[in-house]
Amino acid sequence: MASKDKMVEAITAMDEDFTQWYTDVVLKAELIDHSAVKGCMILRPYGFAIWENIQHNLDRLFKETGHENVAMPMFIPESLLQKEKDHVEGFAPEVAWVTHGGSELLAERLCVRPTSETLFCDHYAHIVHSWRDLPKLYNQWVSVVRWEKTTRPFLRSTEFYWQEGHTAHATALEATEETLRMLDVYADFYRDYLAIPVTKGQKTEKEKFAGAVSTYTVEAMMHDGKALQSATSHYFGDGFARAFDIQYTDKNNQQQYVHQTSWGLSTRSIGAIIMVHGDDSGLVLPPRIAPIQVAIIPIAAHKPGVLERTTAISQELGRTFRIKLDTSDKMPGWKFSEYEMKGVPLRLEIGPRDLENNQCVAVRRDNGAKITLPLDNLASSVQDLLDQIHEGLYEKALQSRNSRIYSALAWPEFVDTIKNKPGFVKAMWCGDQACELKIKEETGATSRCLPFDQEMQSDRCICCGRPATSQVIWGKAY
RNA sequence: CGAGGUGUAGCGCAGCUGGCUAGCGCGCCUGCUUUGGGAGCAGGAUGUCGGGGGUUCAAAUCCCUUCACCUCGACCA
């Protein structure tokens, strides 16, 4: 069929050229467009709607855990950025600077925020005075700018949208609990809303956030076996508090430094959705964040009653679901392909034959199954199907990931696995950064995390053979 | 930032050893017919050849420069 050929032309097969497939999907599903500035993407309505659904649900989880939203400025004076040494060293190479206001040279240049720790710290120093002022549980939804050398839509863009939570606590214990609580929120969110399994763990010294005492991460595995750091949560101890002089008077009238955290999830999560669930027909969106949950395609819409009935059904379902009723004069086949490419979880076909039988045809995007549904109690059937699709996507992603997590006990086996089998490799590590660097050098893999679920595979470091202190998940990362 | 590649209509491309009014397919617009897996016929519109500079009687075509995109590395959510 000519139509089949066209479809094949439209999107590169994923196993033929995964990066090209990704680019095709991102552009053809109308998630983004490129802008005039390198690495800055335009989030088109369909792409932004996914982000809005992520925001909406994640924001609710933040509110439920006691957080408040604020909005910090986008500019950071250079002197402020430089107050914490590790932090500035980590970010300085990739910040954009504002040097002029109009035509006037500024007395002090301003950095466009790459992240907002310094702004929150400066603010906390002003507003935190007493133990009664704590904790401060703030979050903001903003974009930040990092002048990256290589950019890719969603995965690494010059400007990207995210949320950054910044909290200040009276004690180290409270801050540690917050750090891990938010990591759990992320992991649960990935599972319950994006249908993506993640591995929770701690970053090594080499991989942790600039200025943090410890960084925790949720790592996901993409279709090509590469790792995507999908959200991070950092514990700062009182390091930033000392640098920014954030002190409060405790119950014993003693001056104390606060203990802080920060945590973030970005539009990169959309990249994860694409690369975990997508297939050769395009996007596959998890129902709970899909901008369109159900596409309704009237068949032979000119026949008496078809348009009226589908409109009524659409309005009814629209009270519960995000619905798109497509009454355009495109051919049905065109619409099927279009909504498949856009990853719409469920499609309902309603034609004269269906209406005679008081039914419609439902087609699942995740597995292509065609199901005949009675029009009575349709909303409840649709809800069941969407939930099944969510579960199906998660299970498939979990199987896919688990089947590609390998274990290595000896160096040759480790190198061979990393080089030849896309996926994660679990192996023991002595804790020395030299081994981490050597592994990076020889295999291209980095430590993704020290998983919370530690299994002692052996007592020797995979790299140097010295006594091992922990198990690490290694992988090639985006 | 290093190596390589690409910028011509909305998309995909041809034209490129300088030469006539810059082409093709798809899409788009109008009308009629169609509608259960990317429709058919008829008519129609659309280009500062990525930008700037140069060489030349003449530049999409040659030279310089700049911007963006893609691939692979090095650096990072």
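Labels below follow one simple rule: chain letters A, B, ... track the order of the sequence lines, proteins then strands, and each chain is numbered from 1.
- Rounded to whole Å, the separation between the P atoms of B/rA42 and B/rC26 comes to 12 Å.
- Summarising the geometry, the separation between CD on A/Gln20 and P on B/rU6 is reported as 15 Å, rounded to the nearest angstrom.
- A/Thr23 has no side-chain polar atom (N or O) that falls below the 4.0 Å cut-off from OP1 or OP2 of B/rC70.
- Figure legend. B/rC28 is base-paired to B/rG44; pairs are counted as Watson-Crick or G-U wobble with both atom distances under 3.5 Å.
- Backbone-only contact: A/Glu94 has heavy atoms under 4.0 Å from sugar-phosphate atoms and none from a base.
- No side-chain N or O of A/Thr261 forms a donor-acceptor pair with one of A/Glu178 less than 3.5 Å apart.
- Donor-acceptor pairing under 3.5 Å is lacking for the side chains of A/His223 and A/Asp279.
- Atom OH of A/Tyr478 is separated from atom C1' of B/rC72 by 13 Å (rounded to the nearest Å).
- Between the side chain of A/Thr150 and the base of B/rC1, at least one donor-acceptor pair of N or O atoms lies under 3.5 Å.
- Two rings, from A/Trp141 and A/Trp51, have their centers less than 6.0 Å apart.
- Using a 4.0 Å heavy-atom distance criterion, A/Pro93 is classed as making no nucleic acid contact.
- Note on A/Asp354: a base of the nucleic acid sits closer than 4.0 angstrom, heavy atoms only.
- For B/rG19 and B/rC62, the C1' atoms lie 14 Å apart once the distance is rounded to whole Å.
- At the heavy-atom level, A/Val361 lies under 4.0 Å from base atoms of the strands shown.
- Here the separation of B/rU46 from B/rC32, taken at their P atoms, is 24 Å to the nearest Å.
- Regarding A/Met331, its CE atom lies at a distance of 13 Å from the P atom of B/rC41, rounded to whole Å.
- Pair assignment for B/rA39 gives B/rU33, based on Watson-Crick or G-U wobble hydrogen-bonding distances that are each under 3.5 Å.
- When rounded to the nearest whole Å, the span between NZ of A/Lys303 and P of B/rU34 equals 10 Å.
- Relative to the side chain of A/Lys370, the nucleotides B/rC76, B/rG37, B/rU35 differ in distance, and B/rG37 lies closest.
- At a threshold of 4.0 angstrom between heavy atoms, the contacts of A/Ser157 include nucleobase atoms, whether or not backbone atoms are also involved.
- Using a 4.0 Å heavy-atom distance criterion, A/Phe154 is classed as a base contact.
- Residue A/Glu338 places no side-chain atom within donor-acceptor reach of the base of B/rG37, judged by atom type and a 3.5 Å distance cut-off alone.
- Across every strand in view, B/rA68 sits in a pair with B/rU6 that passes the Watson-Crick or G-U test at under 3.5 angstrom.
- The side chain to side chain donor-acceptor pair (under 3.5 Å) check on A/Arg347 picks up A/Glu340, A/Glu349, with sequence neighbours excluded.
- Projected onto RNA chain B by closest heavy-atom contact, A/Ser328 and A/Thr232 fall at different nucleotides, the more 5' of which corresponds to A/Ser328.
- Among the heavy atoms of the strands lying under 4.0 Å from A/Gly39 are primed sugar atoms or P, OP1, OP2 only; no base atom is included.
- In this structure, A/Phe91 and A/His87 have tilted ring planes: the angle between them lies in the 30° to 60° band.
- B/rC24 and B/rC64 are spaced 33 Å apart, taking the P atom of each and rounding to whole Å.
- The residue among A/His34 and A/Gly368 whose nearest nucleotide of RNA chain B is located toward the 5' end is A/Gly368.
- Among residue pairs with one or both ends in residues 442-452 of chain A, those qualifying as side-chain hydrogen bond (donor to acceptor under 3.5 Å, both in side chains) are A/Thr204-A/Ser447, A/Glu219-A/Arg448, A/Glu436-A/Ser447, A/Thr446-A/Arg448; sequence neighbours excluded.
- Using a 4.0 Å heavy-atom cutoff across all strands shown, A/Phe209 reaches no nucleic acid atom at all.
- If you take OH of A/Tyr339 and C1' of B/rG36, they are 17 Å apart, rounded to a whole angstrom.
- The same atom, C1', is picked in B/rC20 and in B/rA59; the two are 15 Å apart, to the nearest Å.
- Heavy atoms of A/Ala301 sit nowhere under 4.0 angstrom from any nucleic acid atom.
- Not a single donor-acceptor contact under 3.5 angstrom links the side-chain atoms of A/Ser35 to the base of B/rA68.
- Using C1' as the reference atom, B/rU71 and B/rG44 are 41 Å apart when rounded to the nearest Å.
- Within the nucleic acid shown, A/Ile297 has no heavy atom closer than 4.0 Å to any nucleic acid atom.
- Rounded to the nearest Å, the gap between the P atom of B/rG50 and that of B/rU61 is 8 Å.
- A distance of 6.0 Å or more separates the ring centres of A/Tyr124 and A/His166.
- Counting atom types as modelled, A/His302 pairs a side-chain N or O with a base atom of B/rU35 as donor and acceptor under 3.5 Å.
- Within the shown strands, B/rC1 is the pairing partner of B/rG73 under the Watson-Crick or G-U definition, both distances less than 3.5 Å.
- Residues A/Gln20 and A/Asp24 bring a donor and an acceptor atom of their side chains to less than 3.5 Å of each other.
- Under the Watson-Crick or G-U wobble criterion, with both distances below 3.5 Å, B/rU21 has no partner in any strand shown.
- Between A/Asp329 atom CG and B/rG40 atom P the separation is 14 Å, expressed in whole Å.
- Using P as the reference atom, B/rG52 and B/rC67 are 15 Å apart when rounded to the nearest Å.
- You'll find that the side chain of A/Pro153 is closest to B/rC70, out of B/rC70, B/rU71, B/rC76.
- Across the protein-nucleic acid pair, A/Lys335 atom NZ and B/rU34 atom C1' stand 12 Å apart, rounded to whole Å.
- Paired with A/Tyr190 under the rule side-chain contact (heavy atoms from CB on, under 4.5 Å), one option of A/Val185, A/Ile273, A/Leu265 passes, and it is A/Leu265.
- Here A/Lys440 reaches the OP1 or OP2 of B/rC75: one of its side-chain N or O atoms lies under 4.0 Å away.
- At the heavy-atom level, A/Lys38 lies under 4.0 Å from the strands shown only through sugar-phosphate atoms.
- Nucleic acid contact for A/Arg152: sugar-phosphate only, since backbone atoms but no base atoms lie under 4.0 Å from a heavy atom of the residue.
- No engagement by A/Gly264 is indicated, since no non-hydrogen atom pair under 4.0 Å with the nucleic acid exists.
- Counting only heavy atoms from C-beta on, A/Ile299 has its side chain closest to B/rU35 among B/rA74, B/rG38, B/rU35.
- Rounding to whole angstrom units, CG of residue A/Asp326 and C1' of B/rG38 are separated by 13 Å.
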